[in-house]
Structures are given as structure tokens and as C-alpha cells.
S.K.: 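Pasting a structure below so you can have a look.
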Amino acid sequence: MLLKWNDKYKVGVPAIDKQHEQLFNIANQATLALREPDESKEENIYVILNELYAYAESHFKTEEDFMEQISYEFYEQHKEQHKQFLLKATERVNALATNFDDNMLKEILEFVVDWIMEHICEKDKLMAEAIIEFNK
């Protein structure tokens, strides 16, 4: 399933919205790579998953910097959610590395997509409201 970026995912902080849109783009690249012929799929998937992981780390740092700047009351919980996402993603990708399987890859992508959409629509929107309020 390809993700379609639209206004419902915008949180109202342009820097964060731009990064969220890029996360969608990278997740879509992984979904498209899943459709490739078997001989090229595995290598391409790992490249894209590594890019997604690195971009997520960078994005999380951006959010955490914003939260620290405004002394966001839910900073520690939000940061922990980021940490748990990265840990779970790593565990799943490591499992995939020992036994590459299309179904396991689909599960990883579903986990990533579901987590990103839920996190943006719930936690990041609350954080963004606090950032916007702070900057008034």
C-alpha cells in the first residue's frame, strides 16, 4: 500500500511536516521495492530500510530538539516512543536479515506505516500544538 501525503498529516510546524512527508516518501520506496524481481529486491530493500532508519533518527532528533526548547511536558514519553520504535524496527530488520521473506518484509512495512501514521496523528499533533502555542 502506497501512502498518500495529505493535509490530515500536517501538524502545522513546517520543518516537521516536511520531514514527515519525506518519511512517507521513503516508506513508499520500500513498498515499491517489494514489487521488484527477486534478484534485485533484497539488496534494494536493505538500502531503503537503512535510509528510513537514518532519516527517522534524524527526524526524531529534530522533534526532540523542538520539545526541549519549549520544555514540552511530555518530552520524556515522546522521546521514549521514538526509542521504542527504533528498537522494534531494528529487531524486525535483523530478523529479516537472517531469513529474507516477502511476508516478513510486508509486516515490517505495515508496522512502520501504522506507527508513523498513528504517531503523527496523535502524539506529534499534540507536540506541534505546544510548539505553535509557545511561539505565539
Side-chain angles (χ1 to χ4, degrees):
M1 168 181 87
L2 293 177
L3 297 171
K4 181 157 174 56
W5 177 259
N6 61 52
D7 286 349
K8 81 176 184 178
Y9 299 115
K10 287 186 177 181
V11 298
V13 178
I16 293 173
D17 286 333
K18 183 177 178 182
Q19 290 180 353
H20 284 163
E21 187 172 6
Q22 183 59 19
L23 285 170
F24 273 50
N25 291 337
I26 298 169
N28 283 338
Q29 289 174 20
T31 300
L32 291 172
L34 181 61
R35 300 175 186 166
E36 292 177 1
D38 288 338
E39 60 273 1
S40 62
K41 181 188 321 185
E42 188 171 345
E43 183 179 333
N44 289 342
I45 290 293
Y46 285 121
V47 168
I48 294 166
L49 290 175
N50 284 329
E51 179 185 359
L52 181 62
Y53 185 92
Y55 196 84
E57 274 189 316
S58 173
H59 166 66
F60 293 162
K61 175 79 169 94
T62 298
E63 286 188 358
E64 291 163 11
D65 288 348
F66 271 113
M67 289 186 283
E68 278 188 309
Q69 289 171 9
I70 67 166
S71 299
Y72 184 56
E73 70 175 305
F74 301 112
Y75 169 76
E76 290 299 330
Q77 296 95 318
H78 202 119
K79 185 176 179 179
E80 182 63 22
Q81 289 177 345
H82 291 164
K83 179 181 170 186
Q84 290 303 314
F85 169 79
L86 293 172
L87 285 171
K88 289 176 184 175
T90 299
E91 288 171 2
R92 291 169 186 210
V93 170
N94 287 342
L96 182 67
T98 62
N99 183 24
F100 189 86
D101 172 81
D102 280 0
N103 289 328
M104 187 180 291
L105 179 56
K106 287 176 188 173
E107 288 177 22
I108 292 170
L109 292 175
E110 286 175 12
F111 162 75
V112 168
V113 167
D114 290 348
W115 191 91
I116 289 172
M117 291 193 312
E118 180 181 325
H119 187 78
I120 289 171
C121 290
E122 294 177 14
K123 307 302 181 189
D124 285 353
K125 285 195 177 190
L126 288 173
M127 173 200 62
E129 288 173 8
I131 293 167
I132 292 165
E133 185 63 31
F134 181 85
N135 288 320
K136 280 187 178 177

S.K.: Which pair of heavy atoms, one from Asp101 and one from Met104, lies closest together, and at what distance?
M.R.: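 Heavy atoms of Asp101 and Met104 come nearest at OD2-N, 2.9 Å.
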S.K.: Pair Leu49, Leu96 - check side-chain contact (heavy atoms from CB on, under 4.5 Å), show working.
M.R.: CA-CA 11 Å; Leu49 290 175; Leu96 182 67; 4.2 Å; yes
S.K.: Would the distance check show the side chain of Ser58 and the main-chain N or O of Ala54 forming a donor-acceptor pair, the cut-off being under 3.5 Å?
M.R.: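 The answer is no, because no donor-acceptor pair under 3.5 Å joins these two groups.
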S.K.: Does this structure show an ion pair linking Glu133 with Lys136, if we count only N-O contacts that are shorter than 4.0 Å?
M.R.: yes
S.K.: Once side chain to side chain contact (heavy atoms under 4.5 Å, CB included) is applied, do any residues pair with Phe134, and if so which ones, sequence neighbours excluded?
M.R.: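 Phe134: side chain to side chain contact (heavy atoms under 4.5 Å, CB included) contacts with Ile70.
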S.K.: Counting only heavy atoms not in Glu43, do more than 12 sit closer than 6.0 Å to its CD atom?
M.R.: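 Incorrect, the count does not exceed 12.
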S.K.: Check the pair Leu126, Phe74 against side-chain contact (heavy atoms from CB on, under 4.5 Å), reporting the backbone distance first and the verdict last.
M.R.: CA-CA 9 Å; Leu126 288 173; Phe74 301 112; 5.9 Å; no
S.K.: Got a second to check how far Glu63's CD is from Glu68's CD, nearest 0.5 Å?
M.R.: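 Going from CD on Glu63 over to CD on Glu68, the span is 12.5 Å.
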S.K.: Would a 4.5 Å heavy-atom cut-off, applied to side chains only, mark Lys4 and Phe24 as touching?
M.R.: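 Lys4 does not reach Phe24 side chain to side chain.
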S.K.: To the nearest 0.5 angstrom, please state how far the CG atom of Asp17 sits from the CD atom of Gln22.
M.R.: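 Between atom CG of Asp17 and atom CD of Gln22 there are 13.5 Å.
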S.K.: Can you name the nearest heavy-atom pair linking Lys10 to Trp5, along with the distance?
M.R.: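 Shortest heavy-atom separation between Lys10 and Trp5 comes out as CG-CZ2, 3.9 Å.
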S.K.: Looking only at side chains, do Gln77 and Gln81 share a donor and an acceptor under 3.5 Å apart?
M.R.: no
S.K.: Between Met67 and Met127, is there a side-chain heavy-atom distance shorter than 4.5 Å?
M.R.: yes
S.K.: Looking at Ala128 and Val13, what are the two nearest heavy atoms and their distance?
M.R.: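 Shortest heavy-atom contact: CB-CG2, 3.8 Å.
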S.K.: Should Phe111 and Ile45 be regarded as members of a common hydrophobic cluster, given that ILVMFWY residues are connected when their side-chain heavy atoms come within less than 4.5 Å of each other, either directly or indirectly?
M.R.: yes
S.K.: For Tyr53, run the side-chain contact (heavy atoms from CB on, under 4.5 Å) check against Thr90, Ile48, Ile26, Val112 and tell me which one passes.
M.R.: Thr90
S.K.: For a side chain to side chain donor-acceptor pair (under 3.5 Å) check, start with the C-alpha distance between His59 and His82, then their side-chain angles and the critical distance, and finish with the verdict.
M.R.: CA-CA 10 Å; His59 166 66; His82 291 164; 5.7 Å; no
S.K.: When rounded to the nearest 0.5 angstrom, what is the spacing between CD in Glu21 and CD1 in Ile120?
M.R.: 10.5 Å
S.K.: If you count every heavy atom of other residues, nucleotides or ligands that lies below 6.0 Å from Lys125 atom NZ, does the total exceed 12?
M.R.: yes
S.K.: Can you tell me how the ring of His119 sits relative to the ring of Trp115, calling it parallel under 30°, perpendicular over 60° and tilted otherwise?
M.R.: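 Aromatic pair His119/Trp115 classed parallel.
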S.K.: Do Phe100 and Asp102 pass the side-chain contact (heavy atoms from CB on, under 4.5 Å) test, and can you show the C-alpha distance, the side-chain angles, and the key distance before you say yes or no?
M.R.: CA-CA 7 Å; Phe100 189 86; Asp102 280 0; 3.9 Å; yes
S.K.: Measure the spacing between CG of Leu32 and CG of Asn44 and express it to the nearest 0.5 Å.
M.R.: 11.5 Å
S.K.: Show your reasoning for whether side-chain contact (heavy atoms from CB on, under 4.5 Å) applies to Leu86 and Phe60.
M.R.: CA-CA 10 Å; Leu86 293 172; Phe60 293 162; 3.9 Å; yes
S.K.: CG/Asp124 to OH/Tyr9 distance, rounded to the nearest 0.5 angstrom?
M.R.: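 Nearest 0.5 Å value for the CG-OH distance: 13.0 Å.
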S.K.: Answer yes when Lys61 and Asp65 have at least one side-chain N-carboxylate O distance shorter than 4.0 Å, and no when they do not.
M.R.: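 Yes, this pair counts.
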S.K.: List in chain and number order the residues that pass side chain to side chain contact (heavy atoms under 4.5 Å, CB included) with Asn50, two or more places apart in sequence or in another chain; answer none if no residue qualifies.
M.R.: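 Result, side chain to side chain contact (heavy atoms under 4.5 Å, CB included) vs Asn50: none returned.
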S.K.: What residues form a side chain to side chain donor-acceptor pair (under 3.5 Å) with Thr62, not counting sequence neighbours?
M.R.: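 Thr62 satisfies side chain to side chain donor-acceptor pair (under 3.5 Å) with Gln19 only.
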S.K.: Short question: side chain of Asn28, backbone of Leu2 - any donor-acceptor pair under 3.5 Å?
M.R.: no
S.K.: State the CD1-OH distance between Ile131 and Tyr72, to the nearest 0.5 angstrom.
M.R.: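 Answer rounded to 0.5 Å: 8.5 Å.
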S.K.: Please find the pair of heavy atoms, one from Leu3 and one from Ala27, that lie closest to each other, and give the distance.
M.R.: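 Looking at all heavy atoms of both residues, the closest pair is CD1-CB, 4.0 Å.
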S.K.: What closest approach, in Å, do Ala97 and Tyr46 show between heavy atoms, and which atom pair accounts for it?
M.R.: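 Closest heavy-atom pair between Ala97 and Tyr46: CA-OH, 3.0 Å.
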